[in-house]
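As the structure lists them, so they are numbered: ligands from 1, and atoms in each ligand from 1.
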Amino acid sequence: MTSPWWQSAVFYQVYPRSFAPGSPGPTGDLAGIEQHLDHLGWLGVDAMWISPFYPSPQADFGYDISDFCDVDPQFGDLGTFDKLLAACHARDIKLLVDFVPNHTSDRHPWFQAARSSRDDPHRDWYIWRDGSPDTPPNNWVAAFTNESAWTWDDRTGQWYLHQFLPAQPDLNWANPEVVEAMHGVMRFWLDRGVDGFRIDVVHGIGKDPALPDDPPELAGIPHSALNDTPQTHELIRGMRRLVDAYPGDRVILGEVYLLSTELVAQYYGAGDELHLAFNFPPLLTPWEAPRWRKRIASTRRNIDDRGAWPTWVLSNHDNARHRTRYGTEDRARAAVFLLLGLRGSPVLYAGEELGLEDAVIPPERVVDPGGRDGCRAPIPWTPAPDHGWGVDDAWLPWPPDPRARNAETLLADERSIAHLYRRLLAARKASPALQLGGAVPIEAPGDVIAWRRTADPAGQAGPDDRIVAINMGPAPAAVPIAGTVLVASDGTGEDQAFAGTLAPDHAVLLAPDA
Ligand code: TEU
């Protein structure tokens with residue numbers, strides 16, 4: 001049985017505003033992405049997903065969309081998009097766009113119509129409730145503001161629901177007209193040829209019609225991290241049927257921001273919901289072997305064992321980069337062995353291959369209402385003062401040390417983290433065991449996690465297996481594994497027999513001795 005492309009693929013997330021400008025300027029755009037596809041080719045990734053580039057007032061940097069079927073002029077136009085898509089396909093890189101079904105911008109014509117009058121045909125496209133202006137309908141808290149998820153609309157005298165900013169009203173997916181319109185959006189991009197969607201907060205779209213209070217002990221946690229209702233699963237099945245009706249194994253990769261792998265797993269359904277789901281508990285796990293051992297076991301138990309395919313992600317545009325969270329380049333280098341060595345589809349975040357740290361954002365340059373500017377700093381491409389952007393200052397400050405830590409400088413240095421990513425990606429591509437095989441834990445000292453990737457999906461050992469070992473502890477550790485080092489996190493000892501000891505915060509990939 002052949003497996004779909006997205007199981008063996010390595011995904012790469014591009015945040016378009018911060019990736020590269022097509023012509024000199026402080027913000028990136030679609031033409032800039034196309035100009036830098038060589039970088040993705042050099043690295044060896046298989047697929048890219050792009051954060052929103054649609055028309056938007058940018059209250060949430062593109063996640064507040066006023067037209068789902070166009071390109072914001074600051075990023076290009078539909079012609080630029082088509083060119084980018086063709087250029088990706090010419091290089092055998094799949095392209096996923098970000099589908100944001102939970103909410104629109106308050107400037108979207110649908111919401112403008114909805115809020116114009118209680119009788120407007122679009123009124124019921126959003127979620128409105130009666131009440132008095134001083135008591136919201138329930139205790140749900142919005143993300144970013146940590147205030148009520150309800151805003152009172154003076155003109156029409158009702159509350160509307162928004163799990164994010166007041167400028168991001170939630171759509172009412174209980175209304176079949178909304179389902180039809182949003183399916184139309186999916187068809188629009190699928191017909192243009194995209195290979196699938198990353199779906200924003202997909203667990204948020206269905207609502208319990210009773211809109212019950214969140215439990216008091218969870219009050220204060222944004223409702224967007226708690227919303228988990230049966231209605232959503234039916235809606236996702238609808239999206240899945242739509243996508244599966246297209247040829248070419250199009251994929252839906254859902255963002256399920258529920259901080260329990262057990263709950264995330266539910267969104268794969270019985271093979272009839274998401275093809276892939278982000279699983280954030282590992283992203284939020286500190287650099288400690290016992291904690292990671294538990295996360296890996298829980299992913300296996302909840303996701304692999306139900307016949308679903310996991311994903312692994314350590315950084316994205318919403319969280320401090322893992323280089324920053326883990327604190328050292330040694331750890332960032334060893335962490336690549338988690339991403340590319342565990343069983344499942346890795347999702348990289350542009351710039352992690354350069355070992356970028358979050359930018360330090362002085363108070364006067366803060367722009368994101370969610371405090372996420374640091375991880376969205378622009379990518380430094382060259383050592384020059386403009387770092388390849390044609391302007392000395394981009395929309396956010398550069399990440400630390402851009403004169404040394406930029407793509408041109410690191411690609412010229414074979415010992416750099418960028419080359420480590422490339423070598424490990426190549427080793428993965430050359431190994432069916434790493435791409436699609438089974439995974440069996442190996443007993444190792446407390447601070448070490450080690451596992452065997454078996455060419456046999458059921459986990460039977462064989463000659464084409466691979467072994468990964470990572471020492472997350474502060475002391476050198478003896479590891480009971482034997483074989484040839486294919487890739488080492490510090491580049492030493494490659495192509496030689498493993499010496500038996502792993503330095504602190506170091507990792508190796510081995511071809512085991514027969
Ligand atoms: O994120 C959803 C989400 O739940 C996170 O924003 C989370 O609440 C936050 O990172 C906690 O710090 C998605 C997008 O990835 C994000 O960029 C958007 O702002 C959000 O949805 C709204 O569309």
Side-chain angles (χ1 to χ4, degrees), residues 11 13-19 49-66 68 72 96-108 111 126 140-147 149 161-171 173 182 185 197-205 214 218 220-228 232 252-260 263-264 267 274 276-284 311 313-322 324-325 347 349-350 358 361 366-377 396:
F11 291 81
Q13 176 191 357
V14 166
Y15 191 71
R17 186 180 274 274
S18 303
F19 193 65
W49 81 265
I50 315 183
S51 283
F53 48 75
Y54 318 107
S56 159
Q58 308 289 334
D60 186 16
F61 293 97
Y63 283 93
D64 51 318
I65 297 169
S66 51
F68 289 107
D72 194 291
L96 276 60
V97 296
D98 204 345
F99 177 49
V100 184
N102 182 69
H103 44 267
T104 69
S105 162
D106 62 349
R107 308 287 173 77
H108 195 294
F111 190 70
Y126 295 85
W140 293 2
V141 168
F144 314 141
T145 64
N146 291 320
E147 289 172 9
L161 177 68
H162 51 86
Q163 294 188 73
F164 296 90
L165 297 173
Q168 294 168 291
D170 275 41
L171 281 164
W173 278 76
M182 293 306 277
V185 173
F197 302 98
R198 179 267 187 183
I199 309 184
D200 192 60
V201 292
V202 70
H203 65 291
I205 63 176
D214 284 328
L218 301 178
I221 297 181
H223 183 72
S224 59
L226 304 170
N227 194 77
D228 181 34
T232 304
I252 49 178
L253 160 57
E255 184 202 26
V256 181
Y257 197 86
L258 294 170
L259 300 182
S260 142
L263 295 181
V264 168
Y267 287 78
L274 299 174
L276 294 172
F278 281 113
N279 177 35
F280 292 125
L283 183 151
L284 301 169
T311 65
V313 63
L314 291 177
S315 289
N316 63 27
H317 66 295
D318 287 335
N319 295 280
R321 288 180 175 277
H322 65 275
T324 296
R325 298 196 317 270
V347 188
Y349 177 48
D358 281 14
I361 312 291
V366 168
V367 290
D368 177 45
R372 299 162 295 182
D373 294 321
C375 62
R376 298 175 177 179
L396 284 172

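Using bins of under 30°, 30° to 60° and over 60° for the plane-to-plane angle, the ring pair Phe111/Tyr126 lands in the perpendicular bin. Using the six-membered ring where Trp is involved, Tyr257 and Phe280 have ring planes that are tilted, between 30° and 60° apart.
Legend: residues meeting ring pair (Phe, Tyr, Trp, His ring centres under 6.0 Å) with His203, ordered by chain and number and at least two apart, are absent. Remark: Phe61 engages Trp395 in a ring pair (Phe, Tyr, Trp, His ring centres under 6.0 Å) (not counting sequence neighbours). Asn319 is linked by a side-chain contact (heavy atoms from CB on, under 4.5 Å) to Leu283, Leu284, Asn316, counting only residues two or more places apart in sequence or in another chain.
Sorted by chain and number, the heavy-atom contacts of ligand 1 below 4.0 Å come from Asp60, Tyr63, His103, Phe144, Phe164, Arg198, Asp200, Val201, Glu255, Tyr257, His317, Asp318, Arg372, Arg376.
Using modelled atom types and a 3.5 Å distance limit, the side chains of Asn279 and Tyr267 yield no donor-acceptor pair.
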